[in-house]
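So that the names make sense, note that chain A is the first sequence line, chain B the second, and so on, each numbered from 1.
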Protein chains: 2
Amino acid sequence: MIPFHVGGSILVRLRREGTQAVTIADVARLAGVSTATVSRALSASAALRPETLALVEAAVARTGYMPNVAARTLRGRRSMVVLVVVPDIANPFFSGVLRGLEDELSQHGYGLLIGDIGPHNEKQAQIVGVVQAGQVDGVVLLNGHIPRKAGRDLTALGIPIVAVCEPIEKATFPQVEVRNHEAARQAGAHLAALGHRHVAYLGGPARNILERQRQAGFREGLAEAGCELQPGWIFLGDFTMASGALAARSFVMAVPRPTAVFAANDEMAIGFLKTIQAAGLRVPDDVSLIGFDGIEFADFVEPTLTTFRQPREALGRMGAGLLLRAMAGETIAPEEARVRLDAVLLDRDSTAAAPAPKALSR
Amino acid sequence: MIPFHVGGSILVRLRREGTQAVTIADVARLAGVSTATVSRALSASAALRPETLALVEAAVARTGYMPNVAARTLRGRRSMVVLVVVPDIANPFFSGVLRGLEDELSQHGYGLLIGDIGPHNEKQAQIVGVVQAGQVDGVVLLNGHIPRKAGRDLTALGIPIVAVCEPIEKATFPQVEVRNHEAARQAGAHLAALGHRHVAYLGGPARNILERQRQAGFREGLAEAGCELQPGWIFLGDFTMASGALAARSFVMAVPRPTAVFAANDEMAIGFLKTIQAAGLRVPDDVSLIGFDGIEFADFVEPTLTTFRQPREALGRMGAGLLLRAMAGETIAPEEARVRLDAVLLDRDSTAAAPAPKALSR
DNA sequence: CTGAAAGCGCTTACAG
DNA sequence: CTGAAAGCGCTTACAG
């Protein structure tokens with residue numbers, strides 16, 4: 001922690017080197033009006049005489065005035081900033097969702113504060129702290145959990161919240177998600193229709209909601225085709241390529257070996273793909289593989305990865321829309337509060353008909 | 001823009017539903033001291049009697065008090081936030097740099113505000129506006145440009161700035177970069193040593209500083225081995241996989257075809273790799289390929305990509321260290337203001353000895 | 001339609 | 001070592 005007297009020297013530097021910051025008083029003086037009038041001109045919050053408005057606008061232009069955000073936030077009790085809680089900023093999946101959020105929110109004057117919660121639990125308290133400190137007007141949770149601090153969770157603070165991507169089961173705030181169960185069911189049906197009977201599943205952490213939805217859906221799709229997901233053929237990773245690679249090392253030893261695999265995300269699928277290929281297996285000739293998410297890299301591995309494209313930007317945009325309404329004081333009706341979008345199967349080159357039975361012993 | 005009267009209703013909601021925010025006055029009352037004493041206890045900016053300190057700490061714990069950030073920023077003239085300007089948040093390369101920045105800065109109590117400048121120039125003005133509005137105490141530029149607004153650039157505001165990754169040539173503020181020229185020279189030498197004489201280059205946008213450094217270094221490395229980069233074998237993309245794929249389509253038509261390619265980043269290399277493989281070329285048997293950056297995906301393509309690993313976290317951490325010193329009012333001596341780190345060659349499977357001459361006509 | 005004045009929640013000289 | 005008071009730069013009832 002930098003001692004505060006050092007802060008004093010920053011002030012000196014800023015004042016010395018930079019231009020002295022223009023305040024609303026400077027603008028008012030130049031325009032020959034009160035600061036109240038300048039404020040009204042800037043916020044368009046009250047009707048002003050066109051001549052007065054012009055006077056203020058000219059003074060703003062001449063001075064290059066920018067309102068001080070801290071003062072505005074303190075007085076106005078709103079920061080015009082939204083906190084986005086991300087589980088892992090390094091996962092390229094989230095950049096699309098962030099873009100959707102940013103597009104929609106910035107159109108309404110809001111900025112984004114990104115909180116990368118990572119694997120560390122201590123960050124949870126930081127998140128709550130940011131809200132308690134009055135830094136944000138709303139929160140978007142992409143992480144599937146309600147952050148808590150010292151026993152109390154975020155919902156107790158009365159700030160508008162929405163969850164996007166990873167739904168939170170018992171929560172009452174609006175949520176936007178993809179039809180994970182449906183898509184995974186389709187993955188099962190698709191593999192079964194290709195003749196696969198020995199099928200494996202590569203999932204995420206056991207308690208993760210996406211993992212639970214996708215595994216359940218996949219099982220259902222297989223079951224409907226008279227197929228069963230055998231316990232020994234379930235590998236759980238952590239959504240990273242490394243964990244996909246790890247699962248692959250067990251997979252290649254399996255006897256008999258499954259002829260198809262559904263991975264709960266693309267990164268694990270890509271780690272898995274590379275590793276079984278290195279072990280001499282061919283995709284899709286020996287093993288069919290389906291991923292989930294539709295990240296750009298899935299299109300640049302060999303073979304291209306069959307996967308489900310999530311409508312990433314739309315997820316972000318719809319989440320932002322709901323949050324904007326909540327921040328405007330609107331109550332979201334329960335039937336509107338749960339938005340579900342489709343994930344679309346991209347049928348590419350990593351899936352094919354199951355090899356003939358004898359191929360298994362080749 | 002949401003009209004401000006709506007803001008009023010937010011206030012009402014927060015006050016009604018949430019807990020009334022605890023202020024420093026509440027804590028002072030409970031502890032039986034003045035607000036000044038509470039403030040001093042929290043900032044450790046002055047010596048307090050241990051008993052007084054304990055009183056305040058107990059009151060803070062009882063109330064769950066969190067200082068209001070806007071008030072603190074307004075009064076203290078420092079926001080404890082650093083703005084990081086990123087050219088493209090979707091590029092996984094930056095997440096490592098951001099992590100390094102975040103580690104170092106958060107240890108000193110600073111938060112990060114990420115400005116994704118993207119391809120749009122209008123965002124430049126927004127960046128300057130954030131600084132003018134007093135929202136941040138320092139700026140880290142990862143984008144290779146000094147943002148400007150209405151003719152004036154960021155340096156005119158007297159705020160501490162550092163550049164990381166993409167150096168800015170005429171700038172006088174501290175910069176942290178990788179030895180791009182050296183690494184690229186090594187790429188040229190490496191390919192030449194493997195016997196490659198027909199070599200192509202896949203670069204970034206012509207005016208980009210990394211592109212210029214890497215192309216120049218590569219030429220030098222080739223030249224030292226008596227090799228020349230022919231004009232027809234220079235492809236310029238935009239650092240995306242799609243542009244690498246596009247370049248590959250020209251590449252496969254070339255007669256005679258180069259036997260080796262150096263790409264100025266991994267994403268282009270991966271787009272290129274996939275596309276020439278799809279056209280029937282084998283890597284490294286027909287074509288050797290070197291990338292740059294060392295992103296994680298480079299390890300999961302087939303074959304694994306020979307590339308240069310950038311010390312991403314170190315870049316971020318060193319940039320943060322310099323910025324912290326500048327924000328503390330220190331003047332950075334010129335000899336310290338230009339930090340250069342090594343990029344390390346990861347010699348993996350996408351490079352091999354040049355095929356025998358007749359192989360070209362096979 | 002516009003202004004004077006209060007006040008948002010802090011920090012920090014200034015006193016003692 | 002601690003307190004009373006000023007003031008950071010805005011917005012917004014309240015008046016007129």
Side-chain angles (χ1 to χ4, degrees), chain A residues 3-12 14-15 20-29 31-56 60 63 65-80 132-135, chain B residues 3-12 14-15 20-29 31-56 60 63 65-80 132-135:
Chain A
F4 276 101
H5 69 270
V6 176
S9 68
I10 288 185
L11 169 60
V12 172
L14 288 176
R15 297 280 167 184
Q20 158 93 29
V22 181
T23 71
I24 198 169
D26 300 324
V27 176
R29 206 173 305 121
V33 299
S34 70
T35 60
T37 297
V38 176
S39 178
R40 290 183 187 115
L42 266 77
S43 67
S45 64
L48 293 186
R49 262 176 44 221
E51 305 87 76
T52 314
L53 188 60
L55 238 40
V56 174
V60 167
T63 54
Y65 169 68
M66 282 288 292
N68 179 293
V69 165
R72 181 175 267 188
T73 298
L74 177 59
R75 177 58 231 238
R77 296 174 133 43
R78 53 205 314 248
S79 64
M80 297 306 289
Q132 287 182 308
Q135 289 192 81
Chain B
F4 277 101
H5 70 267
V6 177
S9 70
I10 288 185
L11 169 58
V12 173
L14 288 176
R15 297 279 166 184
Q20 158 94 28
V22 181
T23 71
I24 198 170
D26 300 323
V27 176
R29 206 173 304 122
V33 299
S34 71
T35 59
T37 298
V38 176
S39 177
R40 290 182 186 118
L42 266 80
S43 66
S45 64
L48 293 185
R49 262 175 46 218
E51 305 88 76
T52 314
L53 188 59
L55 239 39
V56 174
V60 167
T63 54
Y65 169 68
M66 282 289 293
N68 178 293
V69 166
R72 180 174 268 187
T73 298
L74 177 59
R75 176 57 230 238
R77 297 173 132 43
R78 52 206 314 246
S79 64
M80 299 305 289
Q132 286 183 309
Q135 288 191 81

On DNA chain D, more 5' by nearest nucleotide between B:Ala36 and B:Leu74 is B:Ala36

Tell me: CG of A:Leu48 to P of D:dT11, nearest whole Å? 13 Å

Taking CZ from B:Arg29 and P from D:dG3, how many angstroms apart are they, rounded to a whole number? 14 Å

From CD of A:Gln132 across to P of C:dC10 the rounded distance in Å is 12 Å

Give me the atom names and distance for the closest heavy-atom approach of A:Ala70 to B:Leu74. CB-N, 3.8 Å

The single option from B:Ile24, B:Asp26, B:Thr52, B:Leu55 that satisfies side chain to side chain contact (heavy atoms under 4.5 Å, CB included) with B:Val38 is B:Ile24

Nearest heavy-atom pair of B:Ala28 and B:Thr35: which atoms, and what distance? CB-N, 3.8 Å

From CD1 of B:Ile24 over to P of D:dG7, roughly how many Å is that when rounded to an integer? 19 Å

Distance check needed: C:dG7 C1' versus B:Asn68 CG, whole Å only. 13 Å

Between A:Ser79 and A:Gln135 the two heavy atoms that sit nearest each other are OG-O, 2.9 Å

Got a sec, which residues hit side-chain hydrogen bond (donor to acceptor under 3.5 Å, both in side chains) with A:Ser34, two or more places apart in sequence or on another chain? A:Thr37

Is A:Thr37 close enough to C:dG3 that one of its side-chain N or O atoms is under 4.0 Å from OP1 or OP2 there? yes

Assess whether side chain to side chain contact (heavy atoms under 4.5 Å, CB included) is satisfied between A:Asn68 and A:Thr23, documenting all intermediate values. CA-CA 8 Å; A:Asn68 179 293; A:Thr23 71; over 6 Å; no

Taking only N and O in the side chain of A:Arg77, is any of them less than 4.0 Å away from OP1 or OP2 of C:dG9? yes

Between B:Arg75 and C:dT12, does any side-chain N or O lie under 4.0 Å from OP1 or OP2? no

Pairing pattern in dot-bracket form [Watson-Crick, G-U; both distances under 3.5 Å; | = partner strand] for DNA chain C: |||.||||||||.|||

d(CZ, B:Arg72; C1', D:dG7) in whole Å: 17 Å

What is the separation between atom CG on B:Leu42 and atom P on C:dG9, rounded to the nearest whole Å? 16 Å

Quick one: which of C:dT11, D:dC8, D:dT12 gets closest to the side chain of A:Ser39? D:dT12

B:Met66 CE to C:dG9 C1': how many Å, rounded? 14 Å

Expected rows: protein N/O vs nucleotides 14-16 of chain D N/O, under 3.5 Å:
none

A:Arg49 side chain N/O closer than 4.0 Å to the phosphate oxygens (OP1, OP2) of C:dT2? yes

Mind checking whether A:Leu42 and A:Val60 have side chains closer than 4.5 Å, heavy atoms only? yes

Hits for side-chain hydrogen bond (donor to acceptor under 3.5 Å, both in side chains) against B:Thr73, two or more places apart or cross-chain, chain-then-number order -> none

Pairwise distance CZ(B:Arg75) to OG(B:Ser39) - rounded to 0.5 angstrom: 9.0 Å

Would you measure the distance from the C1' atom in C:dT12 across to the matching atom in C:dG16 and give it in whole Å? 16 Å

For residues 37-48 of chain A, which residue pairs qualify under salt bridge (Lys or Arg N to Asp or Glu O under 4.0 Å), counting only residues two or more places apart or in two chains? none

5'-most contact on DNA chain D (nearest-nucleotide basis), B:Leu53 vs A:Pro67, goes to B:Leu53

